[in-house]
Each structure stands twice: as structure tokens, then as C-alpha cells.
Amino acid sequence: MQVRLNEEQLEFYKRHHYVHLPNVVPEQALLLAERIISKWVDDLVEAWSEQKLITDKKQELDFQHRLVQIWHDAGKPKYGRSPRRDLVGRDMYNFLKDPALLDIAQQLLETEDVSVHGIFNARPKLPDQKWTDTPWHQDAQYYRDAENTHVVSIWMPLQRVTEFNSCLQIAPGFFDRTLLDGVIDEETNFLGLKREDAAKLTALSVEMQRGDALCFTQLLPHRALPNQSDAVRWSMDIRYEATAVATESGKAQGFIARSPMQPSSEASYEKWLSQWTAIPAGSY
């Protein structure tokens, strides 16, 4: 079923550079995301088992609790906090091409021809991990060639998120037309805003349900709060841009996902996979 945003939602996005869309991500897409992430978890658990950090892989635990319990058993080792290369596969390709997500991107980008931007992440947000607390940042600080090119980020939680278990905070009205210089955050080693710039922001917490999407531009400042629960806070964040003005950073591992007038230009899974062959496993 096609996702159609109403005029109020579209106008809100244009004015505030973000919009919270309730119940727009199909359950089949969310289940696909869980399958993608579960494979990554299985690989991580297998590595910890081979390193003799654990003896029980806890297969009986659910999606929200398995990794955090095994992580405790393993002695809280560090791991890839933003997996990307290790998610690449046919399931990820199908997730990025989900019709509902492309419908949203088309409308927010105001274009028929949509390309996947090659930067996407799964976020395994465990409790007691300061090094996974993403500081205030603008996404375009990671791909500065999008300073003047609209790239829409779509952030999707895989469970209800609140301030308690690490919802996102955004800062609408601040620096959302200007790309600021980024600095490496001393506590987390993430790229983010300078402290003096972050101190000027007024935070808005966006609590969300499973199936919701938070869409925002490449310049909107945002951050993730600490996870104070006893479960993993899982999310996926993906990006789209208009094919006609696609950035070099987006095209490097991105692809044309929808082109109604030239469907033959849409990239096959095999073509997309070939763009990753030189990037080693475990890469961000």
C-alpha cells in the first residue's frame, strides 16, 4: 500500500526540517531489519565464543535482551557500534528498496527519481555504554559534499523509544541551514558539534513507537540519549537523495533505487554488491 504524506506533514518538514511520521514503516520491513541485525548479532556472538569470552550463546533470549546478556557474560567488550559493511546483503538491499520508505523519500525530496545514499547504520544501543551515546551532530558532517544538497535521513526504532531507553533528541531551528565544523567528541570518539555550538541548542525529545519514522535533513542537529533500560535499543537509519543531484559520497556505496521513467537505470543487487568488494568486513 502506498504511503501518502498529507500537506500538513510535508509543510511541517519544509518549515522545521524534520517530521515525525507515525505508523508508516510496514511490519514486514521491520521484521526484515530484525533479520539483518540478528545475523550480525550471531556473527558477533560467534566471534566472542571463539575468543573464549562466553560459553553460552543464549539462543533462547529474545531480540531485545540476547545481546545485552551475552555482552555482560563476555565482560562488556567493545564491538562495532555502527555496523554497515557487515549488514550488506540481499536483505539490506531489499530493506533500502522498501516501497513505503521510497514513497516517503520521494515526497520529502520532491522528486520521482530516488537514490539510496550509501551511508546507513544499525544502532545496537546497550545500557552502560557511554561510547555509544552519539553526541550532538549534523549528518552532513560525515559527508560534507551534501552541505547544499538535500539528503533525507530516516531513523526507525525497532521498539518503543522514550527518554529512558534512548530516543533521539533534535534541535529544530538551530544551524539547520548551516553546516558547522565538526570535532571528535573526547568521550565517545564520534564526530559532533563543538561544545560551544552544542551549548546553544534547545533539545526536543522525540518519543516513538515501533513502525514510526523520524525524517530529517542532513543539517538538523540531533543526538541519542543514554539507554537506561535493561534491553538493547535497536534502530536503523538510512538516507536518500534525488538522483539528479546525488552526491559523490552518496553514490560511492549508494544506488538508484526508483526511477519510474527509466526503470532500467535502477541498480540490481549484484551491481550494488560489487561496490562493496574493496571494503573489508568490519568496516564502518
Side-chain angles (χ1 to χ4, degrees), residues 1-6 9 13 19-44 59-67 82-109 112-125 152-162 165-168 206-216 231-241 253-260 263 266-273 276:
M1 184 171 63
Q2 190 176 36
V3 174
R4 297 299 306 174
L5 307 187
N6 60 43
Q9 290 169 325
Y13 181 81
V19 64
H20 174 195
L21 302 176
N23 196 31
V24 292
V25 185
E27 182 63 17
Q28 65 182 23
L30 297 170
L31 292 174
L32 185 58
E34 289 184 0
R35 189 164 77 195
I36 294 165
I37 291 170
S38 292
K39 181 183 180 301
W40 175 80
V41 171
D42 286 341
D43 292 343
L44 181 61
Q59 300 282 5
E60 75 282 359
L61 294 182
D62 64 27
F63 182 66
Q64 259 75 41
H65 293 90
R66 182 178 178 227
L67 179 59
S82 304
R84 181 179 306 150
R85 176 63 181 95
D86 294 344
L87 304 182
V88 173
R90 190 172 292 277
D91 282 345
M92 191 69 214
Y93 173 82
N94 290 335
F95 182 79
L96 293 167
K97 278 181 65 75
D98 183 86
L101 300 177
L102 291 176
D103 288 344
I104 294 168
Q106 277 186 314
Q107 293 167 84
L108 295 180
L109 292 167
E112 289 291 307
D113 294 337
V114 174
S115 285
V116 169
H117 190 285
I119 293 179
F120 54 85
N121 302 289
R123 298 290 189 184
K125 195 80 168 57
V152 59
S153 296
I154 304 181
W155 189 89
M156 294 157 281
L158 302 185
Q159 66 284 302
R160 172 168 164 72
V161 289
T162 67
N165 71 333
S166 188
C167 69
L168 287 196
V206 185
E207 298 191 339
M208 300 170 65
Q209 302 285 347
R210 178 182 172 92
D212 292 1
L214 178 63
C215 307
F216 49 90
V232 184
R233 189 276 273 151
W234 291 111
S235 66
M236 294 283 273
D237 57 271
I238 61 178
R239 289 156 189 83
Y240 297 98
E241 55 189 343
Q253 271 72 52
F255 61 92
I256 298 174
R258 181 180 283 179
S259 179
E266 297 176 10
S268 66
Y269 166 64
E270 290 75 18
K271 181 179 185 301
W272 182 57
L273 188 63
W276 293 90

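Predicted model, so just to flag it, every value in this text is computed and none were measured. Excluded from the calculations below are hydrogen atoms, water molecules and symmetry mates; all remaining heavy atoms, backbone and side chain alike, are included.
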Taking every heavy atom of Ala257 against every heavy atom of Lys97, the minimum-distance pair comes out as O-NZ, 2.8 Å
Applying side chain to side chain contact (heavy atoms under 4.5 Å, CB included) to Glu27 and not counting sequence neighbours gives Leu30, Leu31, Arg210
Across all chains, not counting sequence neighbours, the side chain to side chain contact (heavy atoms under 4.5 Å, CB included) partners of Gln28 are Pro26, Asp98
Open item on the list: For a side chain to side chain contact (heavy atoms under 4.5 Å, CB included) check, start with the C-alpha distance between Gln253 and Trp276, then their side-chain angles and the critical distance, and finish with the verdict.
Closed with: CA-CA 7 Å; Gln253 271 72 52; Trp276 293 90; 3.4 Å; yes
*asked:* Any salt bridge linking Asp43 with Lys39? Criterion: basic side-chain nitrogen under 4.0 Å from a carboxylate oxygen.
replied: yes
Taken to the nearest 0.5 Å, the spacing of Arg239 CZ from Phe120 CZ works out to 10.0 Å
Student check: side-chain heavy atoms of Gln59 and Leu61 closer than 4.5 Å: no
Correct closest heavy-atom pair for Leu158 and Gln64 would be O-NE2, 4.0 Å
Residues passing the side chain to side chain donor-acceptor pair (under 3.5 Å) test with Gln106, sequence neighbours excluded, are Arg258
With sequence neighbours left out, the residues meeting side chain to side chain donor-acceptor pair (under 3.5 Å) with Asp86 are none
Hey, are the side chains of Leu67 and Trp40 touching, using non-hydrogen atoms and a 4.5 Å cut-off? yes
With sequence neighbours left out, the residues meeting salt bridge (Lys or Arg N to Asp or Glu O under 4.0 Å) with Arg123 are Asp237
What one should report as the nearest heavy-atom pair of Leu102 and Leu96 is CD2-O, 4.0 Å
Q.
Go through it in stages, so that I can follow the logic: the residues are Ile154 and Leu214, the test is side chain to side chain contact (heavy atoms under 4.5 Å, CB included), and I'd like the CA-CA distance, side-chain angles, deciding distance and then a yes or no.
A. CA-CA 6 Å; Ile154 304 181; Leu214 178 63; over 6 Å; no
All heavy atoms of Ser166 vs all of Arg233, minimum pair found to be O-NE, 2.8 Å
Taken in chain and number order and not counting sequence neighbours, the residues that satisfy side chain to side chain contact (heavy atoms under 4.5 Å, CB included) with Asn94 are Leu32, Arg90
**Asked** Do Asn121 and Ser82 have a side chain donor and acceptor closer than 3.5 Å?
**Response** no
Heavy-atom nearest pair, Met92 first then Leu87, reads CB-O, 3.2 Å
dist Tyr13:OH -> Ile104:CD1 (nearest 0.5 Å) comes out at 11.5 Å
Residue set satisfying ring pair (Phe, Tyr, Trp, His ring centres under 6.0 Å) with Phe255, at least two apart, ordered chain then number -> Tyr93, Trp272
Sorted by chain and number, sequence neighbours left out, side chain to side chain donor-acceptor pair (under 3.5 Å) with Asp91 holds for Arg35
Test item: Ile238 and Leu101 side chains (from C-beta on) under 4.5 Å apart, heavy atoms | yes
* Are side-chain heavy atoms of Arg66 and Val41 found at a separation under 4.5 Å? -> yes
For Gln107 and Val3 the tightest heavy-atom approach is NE2-O, 2.8 Å
In this structure, CD of Gln159 is separated from OG of Ser235 (nearest 0.5 Å) by 8.0 Å
Taken in chain and number order and not counting sequence neighbours, the residues that satisfy ring pair (Phe, Tyr, Trp, His ring centres under 6.0 Å) with Trp234 are Phe63
Sequence neighbours excluded, the answer for side chain to side chain contact (heavy atoms under 4.5 Å, CB included) partners of Glu207 is Arg160, Thr162, Glu163, Cys167
Residue set satisfying side chain to side chain donor-acceptor pair (under 3.5 Å) with Asn6, at least two apart, ordered chain then number -> none
Notebook entry, point to check: Between the main-chain N or O of Asp212 and the side-chain N or O of Asn23, is there a donor-acceptor pair closer than 3.5 Å?
Noted result: no
Sorted by chain and number, sequence neighbours left out, ring pair (Phe, Tyr, Trp, His ring centres under 6.0 Å) with Phe95 holds for none
CD1 (Ile37) and CG (Asp42) are apart, to the nearest 0.5 Å, by 12.0 Å
Rounding to 0.5 Å, atoms CD1 (Ile256) and OG (Ser268) come to a distance of 11.5 Å
**Item:** Derivation of the side chain to side chain contact (heavy atoms under 4.5 Å, CB included) call for Leu5 and Leu108
**Value:** CA-CA 9 Å; Leu5 307 187; Leu108 295 180; 3.7 Å; yes
NE2 of His20 to CZ of Phe216, rounded to nearest 0.5 Å, is 12.5 Å
